[in-house]
Amino acid sequence: MARRVPPRPTRLTLDTPEDYDLPRDLCSYGYFLLEPNDWDPASGTFSTVLALEHGAAAITITQKCPGKPLCARADRTLTRSEMAQARTMLSRMLRLDESAESIAAFHAVDNRWRASGRGRLMRSPTLFEDMAKTITSCNVQWPGTIDMNAALCARVGSPATGGRFAFPAPEQLARKRAPWLRSRCRVGYRDQRLIDLARLFLKGHIDEAWLEDPATPDEEVRRFLLDLPGIGPYAAHNIMQLLGRYGFLPLDTESVRHGTSVLGFTGDDKRVLKQVTAHYERFGLGPGGQAFRSYWLDLWAYYESSRGPAHTWEKRTTGRTFTAAQLRPDRKDSTLKDSPSSGGTTRASR
DNA sequence: GGTAGACCTGGACGC
DNA sequence: GCGTCCAGGTCTACC
């Protein structure tokens with residue numbers, strides 16, 4: 001009887017920009033805490049599940065030291081075309097396509113981040129996942145977003161080994177009925193909006209190449225996004241930054257908290273938001289601006305000041321502690337560095 | 001153009 | 001432990 005040879009895991013080497021630092025550049029945006037992503041602070045290993053041509057594949061990524069290539073290992077043998085697909089997706093997700101020169105251009109506008117080298121913000125392997133994740137972060141606290149993404153992967157996504165699942169592809173989500181999605185994935189009224197978005201992708205009504213093309217004017221992209229189901233001003237501006245268009249601020253309740261507790265602004269919410277916008281204008285608002293990165297890195301620095309460096313956050317403990325209530329400056333235990341098991345919530349770590 | 005209320009879920013809070 | 005209140009962004013109706 002012929003012995004069955006176990007499939008050989010495919011290994012990939014991913015070249016990085018000379019300043020790339022995996023813990024810093026991956027743990028830069030809350031999506032690193034959302035399924036199917038998983039960062040292990042102890043080993044400095046990132047893993048995710050990609051939906052590839054012949055099924056889902058779990059990918060593990062490490063980097064020996066900053067500036068060195070990334071070592072990626074799949075849990076199965078990938079075909080040649082799947083390898084190319086995985087490279088494209090990982091490059092998008094980790095912003096490997098953003099050069100050191102591009103980051104330097106940001107630092108020229110806001111030199112506060114030059115020493116730490118911050119500027120690359122993690123995103124999803126596909127635009128569809130970025131948009132869907134943005135919708136799951138609207139009108140809900142951060143643990144709700146975490147739970148919705150976990151359920152979407154487990155109930156709708158494709159399985160990989162080890163009981164892990166990829167994020168649903170548009171065709172998988174488009175097949176679902178709203179009541180099913182609502183009851184199984186706890187997405188609430190977002191059910192139909194997620195399905196409609198998936199169907200638009202499936203029908204080719206969302207031209208990814210046009211949206212990603214730097215030659216496409218920011219204002220046209222913004223107007224297009226605002227017409228999509230479930231996408232309002234906050235979501236549109238957030239998707240803009242995920243597309244690498246940094247001149248727009250996704251203003252929400254976190255912006256109000258930041259404006260009052262960190263920047264010291266006063267007045268009602270509307271007035272505070274106006275002052276926040278004016279404050280970040282110096283870093284460039286509108287087409288070609290950099291204001292978002294300055295704004296976001298300020299928020300991130302605030303979270304790290306109470307939770308410790310993001311690359312030390314445990315997904316199941318610290319990663320769930322971002323709630324408006326827990327981030328209130330008047331809260332006595334808002335510093336949770338010593339109590340990583342505390343529960344809680346905000347869209348803060350988005 | 002601006003405003004109010006509904007949408008849905010889960011955390012916070014009071015008893 | 002239970003019930004109630006409230007936070008959260010988008011959408012729609014209305015002024």
Side-chain angles (χ1 to χ4, degrees), chain A residues 29-31 33-35 130-152 154-155 173 176-200 206 222-242 248-261 267-274 276-277 292 295-296 299 303 307 316-334 336 339 341-350:
Chain A
Y29 194 64
Y31 289 3
L33 297 165
L34 298 180
E35 287 294 315
D130 269 342
M131 287 187 175
K133 276 184 157 60
T134 298
I135 290 176
T136 65
S137 78
C138 289
N139 204 25
V140 67
Q141 297 208 326
W142 181 243
T145 302
I146 293 176
D147 294 340
M148 280 184 237
N149 277 275
L152 283 168
R155 305 270 187 174
L173 210 44
K176 297 298 176 193
R177 290 184 182 278
W180 187 92
L181 203 62
R182 178 179 297 214
S183 63
R184 305 300 171 94
C185 301
R186 316 298 295 166
V187 296
Y189 66 91
R190 301 163 196 82
D191 52 4
Q192 194 60 54
R193 296 174 189 180
L194 287 165
I195 292 170
D196 288 346
L197 183 73
R199 289 178 180 164
L200 287 172
I206 296 177
R222 187 174 164 278
R223 276 200 299 272
F224 177 82
L225 294 175
L226 284 169
D227 274 344
L228 296 176
I231 309 292
Y234 160 78
H237 290 185
N238 193 55
I239 295 166
M240 293 288 284
Q241 68 86 6
L242 292 164
F248 301 82
L249 299 179
L251 298 173
D252 61 359
T253 50
E254 259 305 280
S255 317
V256 176
R257 185 203 53 73
H258 179 63
T260 53
S261 67
D268 60 21
D269 289 3
K270 209 170 166 185
R271 189 171 138 78
V272 170
L273 290 178
K274 268 193 176 176
V276 168
T277 304
F292 175 79
Y295 163 78
W296 181 254
L299 284 186
Y303 305 146
R307 270 37 172 194
R316 286 158 196 84
T317 55
T318 325
R320 290 184 73 90
T321 65
F322 295 89
T323 66
Q326 293 215 24
L327 286 168
R328 269 203 316 260
D330 57 338
R331 189 186 166 96
K332 281 184 188 151
D333 63 343
S334 65
L336 298 178
S339 55
S341 61
S342 303
T345 17
T346 172
R347 272 196 351 284
S349 54
R350 244 174 346 239

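Any value given below was found using the heavy atoms of this structure, including those in side chains, with hydrogens, waters and symmetry copies removed. Letters A, B, ... mirror the listed sequences (proteins, then strands); counts begin at 1.
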Between dC11(C) (P) and Tyr234(A) (OH): distance, integer Å:
14 Å
Picking from dC8(B), dG11(B), dG9(C), the nucleotide nearest the side-chain atoms of Gln141(A) would be dG11(B)
Separation of atom CG in Leu251(A) from atom P in dG9(C), rounded to whole Å:
10 Å
Working note: Leu197(A) + Ile206(A), criterion side chain to side chain contact (heavy atoms under 4.5 Å, CB included); need CA distance, chi angles, decisive distance, verdict.
CA-CA 9 Å; Leu197(A) 183 73; Ile206(A) 296 177; 4.0 Å; yes
For the pair made of CG in Leu225(A) and P in dC11(C), what is the distance, rounded to whole Å?
12 Å
Any idea which heavy atoms bring Phe292(A) and Phe248(A) closest together, and the distance?
CB-O, 3.7 Å
Applying salt bridge (Lys or Arg N to Asp or Glu O under 4.0 Å) as the test, list every pair that has at least one member in residues 142-151 of chain A; sequence neighbours left out.
Asp147(A)-Arg320(A)
Rounded distance (Å) that lies between atom C1' of dT9(B) and atom CG of Asp147(A)
10 Å
Under a 3.5 Å cutoff, is there a donor and acceptor pairing between the side chains of Thr277(A) and Tyr295(A)?
no
Which of residues 189-196 of chain A sit near DNA chain C, with a heavy atom under 4.0 Å from it?
Tyr189(A), Arg193(A)
Side-chain N or O of Ser137(A) versus OP1/OP2 of dG8(C): is the shortest distance under 4.0 Å?
no
Run the side chain to side chain contact (heavy atoms under 4.5 Å, CB included) check on Ser137(A) and Tyr234(A) step by step: do they pass?
CA-CA 10 Å; Ser137(A) 78; Tyr234(A) 160 78; 3.8 Å; yes
Arg186(A) side chain near dC8(B) phosphate (N/O to OP1/OP2, under 4.0 Å)
no
Between the CD1 atom in Ile195(A) and the CZ atom in Arg193(A), the distance rounded to the nearest 0.5 Å is 12.5 Å
Calculate the interatomic distance between Asn139(A) atom CG and dG10(B) atom C1'; express it in whole Å.
12 Å
Ile135(A) near the nucleic acid: base, sugar-phosphate alone, or nothing, with a heavy-atom cut-off under 4.0 Å?
nothing
With a 4.0 Å cutoff (strictly under), does any side-chain N or O of Thr253(A) reach OP1 or OP2 of dA7(C)?
no
Please state how far atom CG in Asp269(A) lies from atom P in dA7(C), giving the value in whole angstrom units.
10 Å
Suppose the criterion is salt bridge (Lys or Arg N to Asp or Glu O under 4.0 Å): which pairs have a residue in residues 181-192 of chain A, not counting sequence neighbours?
Arg182(A)-Asp191(A)
To the nearest angstrom, the CH2-C1' distance between Trp142(A) and dA12(B) comes to 21 Å
Using a heavy-atom cut-off of under 4.0 Å over every strand shown, decide if Leu228(A) touches base, sugar-phosphate, or nothing.
sugar-phosphate
Output the single nucleotide from dT9(B), dT3(B), dT10(C) whose closest atom is nearest the side chain of Pro233(A).
dT10(C)
